[in-house]
2 protein chains.
Amino acid sequence: MEPNDLFRKLIAFTASVHQVKHDFSKDLRLDDITPVQYAILEYLAVDQPVTLSEISDCLHMSMPNTSRELKKLGDKGLCEKFAVAGDRRKQAIRLSPEGQAMMDGVFAHYGSLFQARMQRFSPETRAEIERSLDVLQTHVFYTDRPKRNV
Amino acid sequence: MEPNDLFRKLIAFTASVHQVKHDFSKDLRLDDITPVQYAILEYLAVDQPVTLSEISDCLHMSMPNTSRELKKLGDKGLCEKFAVAGDRRKQAIRLSPEGQAMMDGVFAHYGSLFQARMQRFSPETRAEIERSLDVLQTHVFYTDRPKRNV
DNA sequence: TTGTTTGGTTATCATATGATAACAAAAGGA
DNA sequence: TCCTTTTGTTATCATATGATAACCAAACAA
């Protein structure tokens, strides 16, 4: 196979993943949470705790806008800020118990939709899928980001 | 491995893919094209030609908003509408030559970034990556959408 | 000490986006 | 024929989002 075909395939694959996630999230009831706010919550759910400037960097949004959206999330009781020992400028941010519960619900929703697709497969096929996930995540879809020190 | 771990892994994987695509598109110069407009162009690049209502369905946007954004793209010379034989209500939409050229450039950009990650791998590893893509795309990340008939 | 950088906030403005109503033309069913 | 559905358009409004300026306090470097 030509290398170019592999890149094409990678591009088509990322488009598919994006599309499936979009479809899966369609019937998700996230009342009162905007897409950007959801992105922050999802980021927090993976990497906790984190500083405001890290969110700003990783989600490619400006500090003022990050600060604004984070305040809204705080007002909704979905995340919390607390001081960082050693640097009084910084503040660590993490999901509140309510925010964590909400994201657990979201992940359970995705999980059940994935489950519907996995059900019909044999244990061998599932194992193959899992190996494929590992291969792609370690070789292709990793994020190389400077390590943080919260 | 517990089934739940597999779903967690799937969720983490989709988040990674999303993040990598986001990072890759960061230094992409798409002057004068908004995110929603880019999403339409990317959709067109994969599925061409397509009707307005199909774009509306697949991208989860209302017909009026789809119509509005499509007009803007037409004004920018990036896509074209033409009549569909057999149903005078419908209109097929496809990328214009300029739009196609632009998306080719975008894909080449993604391709070169992927290439940077693939370079160091042996042909065997690349083949394994390719198999993994196939496995996941056919078993997990497929979109089941009613077939269109443009 | 003084100046500079880092991390963050508040306010403000312009634009992008989502939602809805009202409309029209073609297709299709009875 | 008349009624309904499909496909699309235009206009309008509210909100979400991005960009920027001005500011502050803590950290840091000289």
Side-chain angles (χ1 to χ4, degrees), chain A residues 22 25-44 49-76 78-94 146 148-150, chain B residues 22 25-44 49-76 78-94 146 148-150:
Chain A
H22 195 202
S25 63
K26 188 177 148 189
D27 41 317
L28 205 49
R29 277 272 154 273
L30 272 347
D31 10 53
D32 225 27
I33 290 173
T34 70
V36 169
Q37 286 165 15
Y38 176 78
I40 293 176
L41 292 176
E42 198 178 78
Y43 180 70
L44 285 175
V50 98
T51 67
L52 196 148
S53 39
E54 283 170 325
I55 297 176
S56 170
D57 278 351
C58 295
L59 300 188
H60 309 321
M61 33 191 305
S62 70
M63 294 269 296
N65 293 338
T66 307
S67 175
R68 179 224 287 151
E69 298 307 319
L70 229 29
K71 190 148 76 81
K72 291 180 191 167
L73 288 172
D75 291 345
K76 294 175 200 213
L78 296 172
C79 69
E80 300 168 336
K81 307 177 182 183
F82 50 94
V84 169
D87 191 333
R88 276 186 296 175
R89 289 169 307 179
K90 292 188 182 178
Q91 39 187 281
I93 295 152
R94 69 159 65 114
R148 62 206 170 72
N149 47 351
V150 178
Chain B
H22 195 202
S25 63
K26 188 176 148 189
D27 40 317
L28 205 50
R29 277 270 155 273
L30 271 350
D31 10 52
D32 226 25
I33 289 172
T34 70
V36 169
Q37 286 164 16
Y38 176 78
I40 294 176
L41 292 176
E42 197 177 79
Y43 180 70
L44 285 176
V50 97
T51 67
L52 194 147
S53 39
E54 284 170 324
I55 296 176
S56 170
D57 279 350
C58 296
L59 300 188
H60 309 319
M61 33 191 306
S62 69
M63 293 268 296
N65 292 339
T66 308
S67 176
R68 179 225 285 153
E69 298 307 319
L70 229 30
K71 189 149 77 81
K72 291 179 191 167
L73 288 173
D75 291 345
K76 295 175 199 210
L78 295 172
C79 69
E80 299 169 337
K81 306 177 181 183
F82 50 94
V84 170
D87 191 333
R88 275 186 296 174
R89 289 169 307 178
K90 291 187 181 178
Q91 38 186 284
I93 295 151
R94 68 159 65 114
R148 62 204 170 73
N149 47 350
V150 179

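Since we're looking at a predicted model, the values are computed, not measured.
- At a threshold of 4.0 angstrom between heavy atoms, the contacts of B/P35 are confined to the sugar-phosphate backbone, with no base atom among them.
- Regarding B/E54, its CD atom lies at a distance of 15 Å from the P atom of D/dT6, rounded to whole Å.
- B/K81 has a side-chain polar atom (N or O) that falls below the 4.0 Å cut-off from OP1 or OP2 of D/dT9.
- When each of C/dT17, D/dA16, D/dT9 is scored by its nearest atom to the side-chain atoms of B/P64, the top-ranked nucleotide is D/dT9.
- Comparing A/D32 and B/L70 by the nucleotide of DNA chain D whose heavy atom lies nearest to each, the residue mapping closer to the 5' end is B/L70.
- For A/S53 and C/dG8, the shortest distance from a side-chain N or O to OP1 or OP2 is below 4.0 Å.
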- Query: In dot-bracket, 5' to 3', how would DNA chain D read with Watson-Crick or G-U wobble pairs under 3.5 Å, [ ] for crossing ones and | for pairs to another strand?
  - Reply: .||||||||||||||||||||||||||||.
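- Taking 4.0 angstrom as the limit, A/T34 places none of its side-chain polar atoms (N or O) nearer than this to OP1 or OP2 of D/dT15.
- Summarising the geometry, the separation between CG on A/D75 and C1' on C/dT9 is reported as 14 Å, rounded to the nearest angstrom.
- Using a 4.0 Å heavy-atom distance criterion, A/Q37 is classed as making no nucleic acid contact.
- Atom NE2 of A/H60 is separated from atom C1' of D/dA19 by 17 Å (rounded to the nearest Å).
- Put simply, CD1 on A/I33 is 11 Å from P on D/dT17, counting in whole angstrom units.
- Here B/S67 reaches the OP1 or OP2 of D/dT9: one of its side-chain N or O atoms lies under 4.0 Å away.
- Scanning for side chain to side chain contact (heavy atoms under 4.5 Å, CB included) contacts around A/Q37 gives A/I33, A/T34, A/E69, A/K72, A/L73, A/K76, with sequence neighbours left out.
- In this entry the distance linking CE of B/M63 with C1' of D/dT7 reads 5 Å, nearest Å.
- In this entry the distance linking CG of A/L52 with P of D/dA26 reads 17 Å, nearest Å.
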Check: protein-nucleotides 24-30 of chain C nitrogen or oxygen pairs below 3.5 Å:
residue: C/dA27; atom: OP1; partner: B/R88; partner atom: N; Å: 3.2

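- Across the protein-nucleic acid pair, B/R68 atom CZ and D/dT12 atom C1' stand 10 Å apart, rounded to whole Å.
- Positionally, the nearest nucleotide of DNA chain D for B/T66 lies more toward the 5' end than for the other of B/T66 and A/S62.
- The nearest whole Å value for the distance from the CG atom in A/N65 to the C1' atom in C/dC13 is 12 Å.
- Considering only side-chain atoms of A/K90, the nucleotide from D/dT9, C/dG7, C/dG18 that sits closest is C/dG7.
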